[in-house]
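Have a look at the structure below, then the notes.
Starting from 1, each residue takes its place in the sequence as its number.
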Amino acid sequence: MMTKELKIDKGQWLSDVLPMIPSNVILNKTITGCGATTLEINAPRNSIIIEPNVPVIIGKKARHPFLMPVYEGTTKEDLKAYLAGEQDGYHKIITTPEGFDKKVLPAMYETATPVYEDYFLLFDECEKAIQDVGYRGDIYLPVEDFFTFKGKAMVSATPIPPSDPRFEEQGFETLKIVPTYVYQQPLILCITNNTVAVLRKLLAKRQDETVCIFLNSTDTSLSLIQTLKLQGRSKVFCSEKSVRKLKRANFPDVSDTLGELAAVNIFTSRFYSAVDIDLDIKPHVIILSDVIRAPYSMIDPHTEVVQAIGRFRNGIAKAYHIANTSTNLQCMTQTALTHKLENEENIYMQVAGITPTNKIQEEAQQQALSGMEIKRFITRKGKRNHFMWDNAWEDEKVKGYYRLPETLETIYRTAPFQVATYHLNYPITDEDRLRRESVRLNSKNLWQEVTKQLSELKKCKSTAEASYLMEELGDEFAVMAKAFVLLGEERIAELDYNRKKIEAALGNLEENRLLTSEKMKIAVYKRFHTGDIVEVAEVNAFMRQLITDQGIPFEGRVDRKVIGLFFEIEECKMKGNRGFRFGKQKYEL
């Protein structure tokens, strides 16, 4: 595909250098927020603009009231009425990919609208058709019709070159907008083994400022809010399904549409591209990729990171990407992936090519085809879905970025940022956190794991970092942290990491603390002295009454072990009765 370049100066909009988006181009606008969608909205022609998500459509409708938005709640009849009504100018329909296939096209057909000849189709944020098709198959729905339109284009600040041969067959070109000024955003890349610790440190420095975190995992978002105690000063913006999930988990500050921001805001992938966030202040933007706990949070520096930071139309204070890496991520080379898909596709086509001679064979054929993984890579018309192939390679490529710190650092050198890289490692890691949370751990294994992690923290050279991490462990496992401090690692091991035994030992320790209070010492040492020989019954009766008088909640048996807290004791005979010979005092007053 040929590439043409068009220069743009600082302060210019796309409309200043391009009167109208031409047909059969992939418009690489390079910079976010330069007005590409607005250019088509104002173009003197009928348009259908496909946006990846509903929040984008809501935002565009607010800016341009004459748009006809299509998403959940919009009916086919609404569209038919819009098409039949008189408009001041041209028809401008803005829709999700699903709305295009299920509502827009049927309305066009039923009103006999020559849609392919009379409408210009703009596929906005076109990389999403590749990046999201793996888990959101319906985003591909407009692609087959896209090539039927007389006027059509794709646009993005971060397009991914598609492999579909129809782009070449129809003479598509890439039109790249080239800024004449330095546009690369400064970004701090922090590669770490403990993303939570780094995020905690960063949030502590930005307590009085607005922070926006992009994290593609609802579960991890909630866990962070709880771990970092952000309840009451945070909000989550995510899909409608995730809103319901978080509300069921008793987190009410969540929405599927943009609203007033909190001090700390977490956005999922629904808000990574195209959404305009207009603020009076410049927030600190943090991209968080925890590939250990949330593999879907690893994102491409060349596309999704650019898009996330570009959401803020009035600029940002600083940009950060906090990420961990893992050699456990398995990824394939492009050659290996192509070989795999070609062979699977070959078998699929052979089975699909069989002509059944009866219903039993037909059902067996359909069962066989439905059970093949490669079926996801085949279009409704039985042809190769090139966007799914591109998606598969994108997934493998991005996984490769996050296998090693040096790989992620290297890929950032080719991304459109001015990057400063830091490496921060901690004694307790994200993998340690995952092991603690693992449901496979039984009680004994959990005690062993937490004790091991507490022991590592004890060796930590940085007391400040150790205290943060110790606090985190203490919040999660208060009894374990208390046992580690009071009983010690060796005593816990002696008790075989048995929770009941450890809690009993802690109980004894607490009782002993109360029994050896200053008032108890004074009373005992006033009554008994080194060298005394006293009957056991008299000693135990005195101690029992003393405990009662002091209001100590002691329910155990009062025997030798109680007086043994104060003196070294030997048993002896005294006029035929059992007695205690008092030795050295264990405390000094």
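- Between K4 and E173 there is a salt bridge, since a side-chain N of the basic residue sits under 4.0 Å from a carboxylate O of the acidic one.
- Side chains of N46 and D118: a donor-acceptor N/O pair is absent below 3.5 angstrom, by distance only.
- In this structure, R244 does not pair ionically with D256, as no charged nitrogen and carboxylate oxygen lie closer than 4.0 Å.
- Note on ring orientation: taking the six-membered ring where Trp is involved, the planes of F100 and F149 are tilted (angle from 30° to 60°).
- Looking at heavy atoms from C-beta onward, D300 lies out of side-chain contact with V305 at the 4.5 angstrom threshold.
- Judged by distance alone, the side chains of T32 and Q307 never bring a donor and an acceptor atom under 3.5 Å apart.
- At distances below 3.5 Å, not a single donor-acceptor pair connects side-chain atoms of R313 with backbone N or O atoms of D276.
- F147 and F172 have perpendicular rings, their planes meeting at more than 60° on a 0 to 90° scale where under 30° would count as parallel.
- Between Y401 and Y412, the ring center distance fails the sub-6.0 Å criterion.
- T303 and E127 share no donor-acceptor pair across their side chains, judged by distance under 3.5 Å alone.
- The backbone N or O of L39 sits nowhere less than 3.5 Å from a side-chain atom of N42 that would complete a donor-acceptor pair.
- Side-chain contact, T210 with H284: no donor N or O sits under 3.5 Å from an acceptor N or O.
- Within the structure, every pair that satisfies the side-chain hydrogen bond (donor to acceptor under 3.5 Å, both in side chains) test and touches residues 17-29, not counting sequence neighbours, is listed here: N24-K152.
- A salt bridge is defined here as a Lys NZ or Arg NE, NH1 or NH2 lying under 4.0 Å from an Asp or Glu carboxylate O, and K103 with E98 fails to meet this definition.
- A donor-acceptor contact under 3.5 angstrom links the side chains of K92 and S47, judged on distance only.
- Residues D124 and T37 bring a donor and an acceptor atom of their side chains to less than 3.5 Å of each other.
- Looking only at distances, no side-chain donor or acceptor of K80 sits under 3.5 Å from a matching main-chain atom of P106.
- Donor-acceptor pairing under 3.5 Å is recorded for the side chains of S242 and S239.
- Under the 30°/60° scheme for interplanar angles, the aromatic rings of Y82 and H91 are found to stand perpendicular.
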Show the atom names and distances, to 0.1 Å, of all donor-acceptor pairs under 3.5 Å that link a side chain in residues 247-254 to residues at least two apart or in another chain.
none

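- With contacts defined as side-chain heavy-atom distances shorter than 4.5 Å, the pair K318/P186 does not qualify.
- A ring-centre distance under 6.0 Å is found for Y272 and F214.
- Side chain of T74 to backbone of P69: a donor-acceptor contact under 3.5 angstrom is found.
- Between the side chains of N216 and T268, no donor N or O sits under 3.5 Å from an acceptor N or O.
- Applying the salt bridge (Lys or Arg N to Asp or Glu O under 4.0 Å) test between E144 and each of R380, R166, K383 identifies R166 as the sole match.
- For T333 and T335, the side-chain atoms include no donor-acceptor pair closer than 3.5 Å.
- With respect to R293 and D290, no salt bridge is recorded, no charged nitrogen being found less than 4.0 Å from a carboxylate O.
- Remark: E51 does not engage K60 in a salt bridge, criterion side-chain N to carboxylate O under 4.0 Å.
- In this structure, CG on L175 lies 6.0 Å from CG on L6, to the nearest 0.5 angstrom.
- E168 contributes a side-chain N or O that, together with a main-chain N or O of M1, makes up a donor-acceptor pair within less than 3.5 Å.
- Annotation: cation-pi pair R45/Y90 absent, no NZ/CZ under 6.0 Å from the ring centroid and within 45° of its normal.
- With 3.5 Å as the limit, one finds a donor-acceptor pair spanning the side chains of T75 and D78.
- For the 3.5 Å distance criterion, the side chains of N324 and Y402 fail to qualify, holding no donor opposite an acceptor.
- E125 and S273 share no side-chain donor-acceptor pair at under 3.5 Å.
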